[in-house]
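Structure, as structure tokens:
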Number of protein chains: 2
Amino acid sequence: MTMARPGGRTARVRAAVVRAVGDALVEHGLAGVDLADVARRAGVGKTTVYRRWGTVAAAVAELVDDMVETSVPRAATGDLESDLRANAELVRSTLADPRQGRLLTALIGAARADERTAAALRRFYDARVREWEPCVAEAVSRGELPAGTDPAEVVRAVSAPLYYRLLTHGELPTEAARDRAVAAALAAARAGVYVV
Amino acid sequence: MTMARPGGRTARVRAAVVRAVGDALVEHGLAGVDLADVARRAGVGKTTVYRRWGTVAAAVAELVDDMVETSVPRAATGDLESDLRANAELVRSTLADPRQGRLLTALIGAARADERTAAALRRFYDARVREWEPCVAEAVSRGELPAGTDPAEVVRAVSAPLYYRLLTHGELPTEAARDRAVAAALAAARAGVYVV
DNA sequence: TAGCAAACGGGACCGTTGTTCCGTTAGTCT
DNA sequence: AGACTAACGGAACAACGGTCCCGTTTGCTA
């Protein structure tokens, strides 16, 4: 009988290759990744990698698929500013972390050239935003923000300046930048900019 | 006697190669660029490209160097909101343009892996920001914004959300997003978030 | 306008990536 | 437990990117 074989060796090979793709991305960036090198790093036959993935883009997309699964629980203090700061600090420390930061920026570049990677990355960010939306939604129902405020938009407004500086200027986000991002998102939200 | 030869054939070759690098970036993204292909596109000997640039990174960096030179003059209506909207519209239309948008995002990815490209890209964005700073500075001196407001920070605040959505979600910025970006930057600036 | 050197280009060469073939290993099912 | 088959891996091969050599072009300078 014919069946899928998700367990055992296959899974081990998959994990080793996905990890190796991540390492290669962190070290050389997307342009420096080739599957022969990935196979060597993973301690896996070159043939296997080419058979199962075939292209760098497909392997990278699978890496992002994995990242979507790993969830980081949010803080919920009940105070909007504290919650947004906790979110901003999570983003800041992720971007400032040598491995995570390089990985994310490499993936952002990869997504522009491969639709499957782009779709996976969208799911990744959507999941993060959805995790933090309730903080804002509760603040709206408490009356701290105008009724009709779009919670997702507020959460994204916190991340945007941190990503922007990193991607256009290569600057790792500082604590000051984090606090300014929170203050700006809060001021805009209170002014009703994110009311749908 | 030994001399530099900036004119004539050398300049033509340089221009053709730089253009070809841009085309290749737009089509395949950074990972898909190789100098043999660039030489073919440019109608230039492969040897020439390898001798003068040697690596993809060096050729890309030279492309960005060129982009720094080309300046786009700003509008200055004397009204802060109009000026910021004009700036936002410039950013929006640039990012939404198939060639320019792809090129910029590819360069953002390239900058992470090559310091010379990163430096050139920093100069590029610094020049754009500096071009628009006066609009904000005048608004500050007119008293529309709190004294001590950092003009550059306000200008960057307008761009950030547009770039963020494009890079993380692949969404081309809409007119609505443009206006929201302006409104958010304005609200934050008025609240004194960007006071140094 | 004549000569000279810098820069270009063709072509051969080499190493590495990507492909194919086939034998081996190891989960799965009876 | 034994057999069946999907998946892995080594090895040979092909294709292409990157390097080198040397003759040719081109545009500066006198």
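Labels below follow one simple rule: chain letters A, B, ... track the order of the sequence lines, proteins then strands, and each chain is numbered from 1.
Rounded to the nearest 0.5 Å, atoms CG (Leu95(B)) and CG (Leu103(B)) are 11.5 Å apart.
Contacts with DNA chain D (heavy atom under 4.0 Å) in residues 15-46 of chain A: Val44(A), Gly45(A), listed by number.
Note on Arg51(A): a base of the nucleic acid sits closer than 4.0 angstrom, heavy atoms only.
Considering only heavy atoms from C-beta on, Thr70(B) stays 4.5 Å or farther from Asp66(B) through its side chain.
With dG9(D), dG17(D), dC8(C) as the choices, the nucleotide that has an atom nearest any side-chain atom of Tyr50(B) turns out to be dG17(D).
Neither OP1 nor OP2 of dG9(D) sits under 4.0 Å from any side-chain N or O of Arg52(A).
Each of Val49(B), Val18(B), Val44(B) was evaluated against Val13(B); a single residue qualifies, Val44(B), per the side-chain contact (heavy atoms from CB on, under 4.5 Å) test.
Between the side chain of Arg9(B) and the base of dA7(C), a donor-acceptor pair under 3.5 Å is found. The base of dC20(D) sits within donor-acceptor range of the side chain of Thr47(B), with an N or O pair under 3.5 Å.
One finds no salt bridge joining Glu133(B) and Arg74(B) here, because no Lys/Arg side-chain nitrogen approaches an Asp/Glu carboxylate oxygen to under 4.0 Å. Salt bridge annotation for Asp65(A)-Arg116(A): present, with a cationic side-chain nitrogen under 4.0 angstrom from a carboxylate oxygen. Salt bridge annotation for Asp23(A)-Arg19(A): absent, with no cationic side-chain nitrogen under 4.0 angstrom from a carboxylate oxygen.
For the pair Arg12(A) CZ and dC8(D) P, the interatomic distance rounds to 11 Å; values are reported in whole Å.
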